[in-house]
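Just the heavy atoms: all of them, side chains too, but no hydrogens, waters or symmetry mates, feed the values below. What you are looking at is a predicted structure, and each value in this text was computed from that prediction instead of being measured. In what follows, every chain begins at residue 1, and chains take the letters A, B, ... in the order their sequences are listed.
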Amino acid sequence: MRSIDRPDRQAATPTAASVAGAPNAHARDARSLPDTPPVKAAAENFSFYYGQFQALKSITLPVYEKHVTALIGPSGCGKSTLLRACNRMHDLYPGNRYEGAIRLLPDNTNLLDPAVDPIEVRMRIGMVFQKPNPFPKSIYENVAYGLRIRGEKSRSVLDGRVEEALKGAALWAEVAHRLNEPAFALSGGQQQRLCIARCLATDPEVLLFDEPTSALDPIATASIEELIDQLRQKVTILIVTHNMQQAARVSDFTAYMYLGELIEFGRTRQLFVNPVRRETEDYITGRFG
Amino acid sequence: MRSIDRPDRQAATPTAASVAGAPNAHARDARSLPDTPPVKAAAENFSFYYGQFQALKSITLPVYEKHVTALIGPSGCGKSTLLRACNRMHDLYPGNRYEGAIRLLPDNTNLLDPAVDPIEVRMRIGMVFQKPNPFPKSIYENVAYGLRIRGEKSRSVLDGRVEEALKGAALWAEVAHRLNEPAFALSGGQQQRLCIARCLATDPEVLLFDEPTSALDPIATASIEELIDQLRQKVTILIVTHNMQQAARVSDFTAYMYLGELIEFGRTRQLFVNPVRRETEDYITGRFG
Amino acid sequence: MIPADLSGIQRIIRRNKRRDLIFAIFGFIALLIGVLTFLALFLQMAFAGWERLTPEFFTSFPSRRAGQAGILSAWVGSVLVMLVTAVSAVPLGVAAGVYLEEYATRSLVTDLIEINVTNLAGVPSIVYGLLALGVFVYAFGLGQSILSAGLTLGLLILPVVIVATREAIRSIPQHIREGAYALGATRWQVTRDHIVPYSMPGILTGVIIGMSRAIGETAPVITIGALTFIAFLPESPIGPEFPWLNFEWLKSGFTVMPIQMFNWTSRPEEAFQQNAAAAGFVLVLMTLAMNAISIWIRYHLRKDIKW
Amino acid sequence: MESLESASFEPLRVSDRLARKALRNTKERVIEALLFAAAGVSVLTTVGIVWVLVSESYHFFTVVPIWSFLTDTMWTPLFADAHYGILPLLAGTLTTSLVAVVVAIPLGTTIAIYLSEFARPAVREAVKPFLELLGGIPSIVYGYFALIVVIPLLQLLIPGLPGFNMLGAGIVMGIAIIPYVSSLAEDAMRAVPMSMREGSYAMGGTKFQTAVRVVIPAALSGILSAYILGVSRAVGETMIVAVAAGMQPNFTMNPMEPAQTISAYIVQVALGDLPHGSIGYQSIFAAGLSLMLMTLLLNVAGHFVRRRYREAY
Amino acid sequence: QSIVKVDGSSTVFPITEAVAEDIQKARKGSVKVTVGISGTGGGFKKFCRGEIDVSGASRPIMKKEMEACASAGIRYYELPVAFDALTVIVNPKNTFVKQLTVEQLKKMWEPDAQGKVTSWKQIDSSFPDVPLKLFGAGSDSGTFDYFTEAVVGKAKASRGDFTASEDDNVLVQGVSRDQEAIGYLGYAYYAENQGKLRAVPIVNKEGKAVSPGPDSVISGAYNPLSRPIFIYVSEKALERPEVRDFVTYYMKNASNLATEVKYVPLPPKAYETAMENMSKKKVGTVFGGEAEVGVTIESLLSREAKL
Ligand SMILES: Nc1ncnc2c1ncn2[C@@H]1O[C@H](COP(=O)(O)OP(=O)(O)OP(=O)(O)O)[C@@H](O)[C@H]1O
Ligand SMILES: Nc1ncnc2c1ncn2[C@@H]1O[C@H](COP(=O)(O)OP(=O)(O)OP(=O)(O)O)[C@@H](O)[C@H]1O
Ligand SMILES: [Mg+2]
Ligand SMILES: [Mg+2]
Ligand SMILES: O=P([O-])([O-])[O-]
């Protein structure tokens, strides 16, 4: 059980049994340990199937509150699949199947429970995609979208929240004077920050990032990374990246996945400098993948 | 005119002016080798433009008869562009422009001469593509197609040539009993060999391969490589590959290209073991690309 | 307003989902309206015309006695007109589509042709009738013949055939073309041996859709002037001696299914409304059959060619 | 040198090769010319249409001043007191089209949204052929349906409704054009990339919210062109209005009244036999020209809509 | 191929159609007949261009048409085939119209009424103030010519703002579904739809309100709206055996068939005289090319004999 909380001390992930017995044990443990922050979410023996194909195999993984956790691994290893499971994105397509649990703390809700409405999950967890995908609306409406679908109509409330979110996404200075222009008029990096602002406006508990900078140029990438660095003060972040330098730069914890399995999880610095598993080392040093 | 056949003694290519004075390292490399075979084709100061964009910059390169020449280099360096110029594939699209010459020996025709019919060029030079592209016809008709468009109607001649070509492509044993089945029923590797048989049926002087195995699994790849190894006895081969191991395995000569320029040309073994240029070394050792 | 707690979120979700449900119901109803109208129309004609749908109905000429009237001259006329339509529109449309996709390089001329085809597709059919009246009937002196009608409908469906051809050709991957060119095929050989055969299912689908539209066209045929009592068949297209073809029928007067139906609809006697219903039923069956064939082609023939 | 030339691998001598090339080139040229000619036929069609309409209308307008054609409120070209005001026909055309659009756009859009965003793929695949069939039914059959079924029904609901009226014709016409609207609009919506939808769902949006707030704005250009195509179909539709709307050039926009549309006037005249060259004969070409201009206007509008709202995703 | 081409009046059409149908059956298809409906005027236009062999007419040929025929060198036989009673119809639910005078009809239909006379009350102060909805024959029809001549006093002089149709069903449907409607059409079409329509008695020259019907036509009491109807046969076409066969058959059977399709047949003598005139090659018309109203059966007989 310690293994979860002490990735630096032991290898890889906890045994299936350890988590199954006490779902939120790691949360407690986390709190009890001086060097790990409280757990915000955790996958427990989570498996996922695209129809017949098992894309994830019994993943057990904690996500620590107000820290950045990075998912790395070669293409096709299931990083996106895991991330998208966290807000039930797979529900949109037929034939997908979840097994096991992903729990959200502090209320310990199993996100995957069929009784839990996926919309509720998504309202609590924000997501930023690989390709910036602003809506075909004005900048303002993009940010206000989440509030509008929550039924907010008051213009002054919206104004305030939009400004706050844009500031939070470090975009306010650039767009304050043209909030009514279409979002497509922004550059790629700005669009991506707009998508982040769109999430921030609704105060999500967790933010999921799926290769948020892979479609961006280096300058835009730098600004997004900087933003993630600021955001970690306020929100829990889970980020998929295929850029190991990026993982090293922005994350506090890193999980290395391979062929649908979680191979190793630990503090980023440690995992990069001194990986426990050989596969991880091969991947990190570029000998493989 | 012996110089044509003996690039080892003089400039690599037939017109003295173009290559003799050319400072290209590869020419010298080639010459310095004791026993190079006769030249079958040669690019001379060949430049190519996609509209305004210059994709190839004054390439000078010999292709030796009945040997395999590999083109390697990072993505976008112009390998495919060069290969496709050899059978005037670029003529199919508007706005492209050739400069310089690609000569086909022994008749010393400049393939790029506007007076030369591209159809004639393509009848002399076969091409195999990255993705197997059999026609949605029967296996038999795929192989017979080249002969049919050359006006061959006699069934017995066709039968003979089809069998011969399929044997040449090491496919006969697998398909002899089902020549009338659709080509799509074959596996990817078989399809690729079928495409090779399709070329062989018309006895091309040169065969161009553009990453012929990149869409195939390792087993199919091995069978294609083996086939190329046999083919070199009969036909001159120019192959593009992004897999350096493959280049090392199958080719006699290798050209390394970068950003539209030919950086280095030489015997494969020598180029891989002891490259003359630093860029080549960087690329080969994986330090770059 | 913005919920901070879970129960707040759940309340909002409940409200939002209610709207989802309401819309889903509306959508379903809208769909039902469409589908039910189709059924109502079909069944109304089937019931109203049921008694008349005997074999004799198909083998009898029109008659003043509703009970004896049939659609022989009408369906034969429709078939012959469709024959002319197909023979004129298909080669022209396919050739034009092939030209635009395989031959033309972008130029002012091809732009013009493209814009033109798009616009033609939007021209009301009655305007084609006027064209036919002015050009075929009077300027060319073809009169009110099967040929005039067939050519008119041919022009009418030409854009449909062109567009279908182009779409079908566009779906052929470039590497198939390159494969053929690389073997030394000429443009025409590539077109003849690959482009046209492989796009055939798509072209056929388009042709059949176009024909099913043409077979129901009434207005342009009326404009040419085909509202006639005809109780005999045009001469057979198959002649008694070599080359076994006979083109007299092209000049023949004619009637077609929709005109026959219109004719009966126009009769004040109640009994003829039954005939109109029966003729309408047959006409709809004809177009349904054609549509069904095209759907079948789309789902089955195309499956054989996957890139 | 000697050896090189004799070692030619090409079985043909150079002169033969050149001859073959020349032959091939001629053949290729001829074929290309033929194909080009085929493509030219569509242009000739347009030229023919414009020529016929304009030349006959030209004669018409030498007799009838354009001004009175555009402003006179009566259309009686075949009667003693001849008036040549297109307005009544225009009013009829617009009113029937309007009724049709009021039926087709909401229903068509709803169906499109439902199929694209709500229905399961199986339902979609099952229903779409039905809609296609609805679009394939000949308009004379719809006309019959309007006359025999829909108008009598409407007369039960609305006492005093005349036996021919624009309402019934328009409603049926609307149903007839639903498939055009719904299938094009659905295509446009389905072309919206999934990433756009995922963006909305990830924010906690429901299907309806996603459809209305994200997918529709993103597919706007396609949806608007679907509408324009629908309108253009309605404007040009002939047999339904000819059979069911009444044949009276009635200057009114009241759908409860009978009226004549431009297209219906043309068929009505064509049903008789006007002598080539008479003013009555020319009047149908003038009417046809107006119709053509209206649809052309719609086409151009469609073009600009597609430009203006080009999908930016 | 020899086809007898007939076109012209929609009023004569039911008889011609019956003849065409029967002769084709009787001759087992060796005689082929097409019958178009272009209206009397339209028929004469084609007739005088030599496009058709026989033209049906619901009024005698007019000066202009005579000239057109003459200039094209077309001479013709004029054969009366039956009598028709133009019937003024209203909706059965219309209770206030008991009878109408010619003056009242004129008030409704004259060109001056166009756009002005729009209420029943304007026709007769005893009528209610409800909209007046008019349905009448199309301007290319003989019915229209005759009605305007008889009612307004000048052929073709009519208002234009009414539902004008060559298609009699439009008139039947229109009047039968609309309480405020009034229209006129050939008696045969009324007779077929007696349940849906009511014929209005017309006050004749003698001041008596008379309903249309075979008796009132034969007695001459239904005036001025009864009229003879004709076919015109081209002299040249008559030389062709199939045309002669057709016309002879027509004359022999006109009496029966006219009754069958609800017209008033002429006395047998009339058909015999017509045949005689034809065999004696007496071409031309017995009418002066002027519109005439109130021709009775007797006067028609005597004129024919005199040709
Ligand atoms: N919709 C799908 N249906 C079936 N299999 C899928 C689907 N999406 C992904 N897969 C498969 O699931 C596995 C994991 O895919 P996933 O997209 O999660 O990989 P990834 O680690 O994000 O890779 P990348 O770095 O390329 O984004 C892969 O083998 C992939 O082929
Ligand atoms: N049709 C085209 N129009 C314009 N530029 C092109 C076109 N095709 C290729 N290019 C450009 O020309 C350059 C050379 O392309 P080419 O396809 O030859 O590269 P390559 O070496 O084959 O790369 P790869 O290994 O990815 O196949 C690239 O910069 C490419 O972007
Ligand atoms: Mg991914
Ligand atoms: Mg390449
Ligand atoms: O068709 P008509 O008899 O009225 O000329």
**Report entry** Atom pair CD (E178(C)) and CE (M127(B)), whose distance is rounded to the nearest 0.5 Å
**Finding:** 7.0 Å
Query raised in the report: More than 12 non-hydrogen atoms from neighbouring residues, nucleotides or ligands closer than 6.0 Å to CZ on F28(C), yes or no?
Result: no
**Report entry** From R150(B) atom CZ to L183(C) atom CG, the distance as rounded to the nearest 0.5 Å
**Finding:** 6.5 Å
Query - Contact winner vs chain C - L92(B), T202(B), D91(B), N87(B), heavy-atom pairs under 4.5 Å - result: L92(B)
Report summary line: When the 4.5 angstrom heavy-atom criterion is applied to R84(B) and chain C, the contacting part is side chain
Query raised in the report: Which distance, rounded to the nearest 0.5 Å, do you find between the CH2 of W188(C) and the CD1 of I149(B)?
Result: 14.5 Å
Query raised in the report: What is the minimum heavy-atom distance between G184(C) and M123(B), and which atoms define it?
Result: O-CE, 3.5 Å
Query - chain C contact via I125(B) - side chain, backbone, both or neither, heavy atoms under 4.5 Å - result: backbone
**Report entry** CE-CZ distance between M89(B) and R177(C), expressed to the nearest 0.5 angstrom
**Finding:** 11.0 Å
Query raised in the report: Looking only at heavy atoms, what is the nearest atom pair of I176(C) and N133(B), with distance?
Result: CD1-O, 4.1 Å
Requested in this report: Go through the structure and list residues passing ring pair (Phe, Tyr, Trp, His ring centres under 6.0 Å) with Y99(C), not counting sequence neighbours.
Outcome: F36(D)
Query raised in the report: Between atom NZ of K137(B) and atom CG of D193(C), what is the distance when rounded to the nearest 0.5 Å?
Result: 5.5 Å
Query raised in the report: Is the number of heavy atoms from other residues, nucleotides or ligands under 6.0 Å of Q174(C) CD greater than 12?
Result: yes
Report summary line: For Y145(B), the ring pair (Phe, Tyr, Trp, His ring centres under 6.0 Å) test, sequence neighbours excluded, returns F135(B), H194(C)
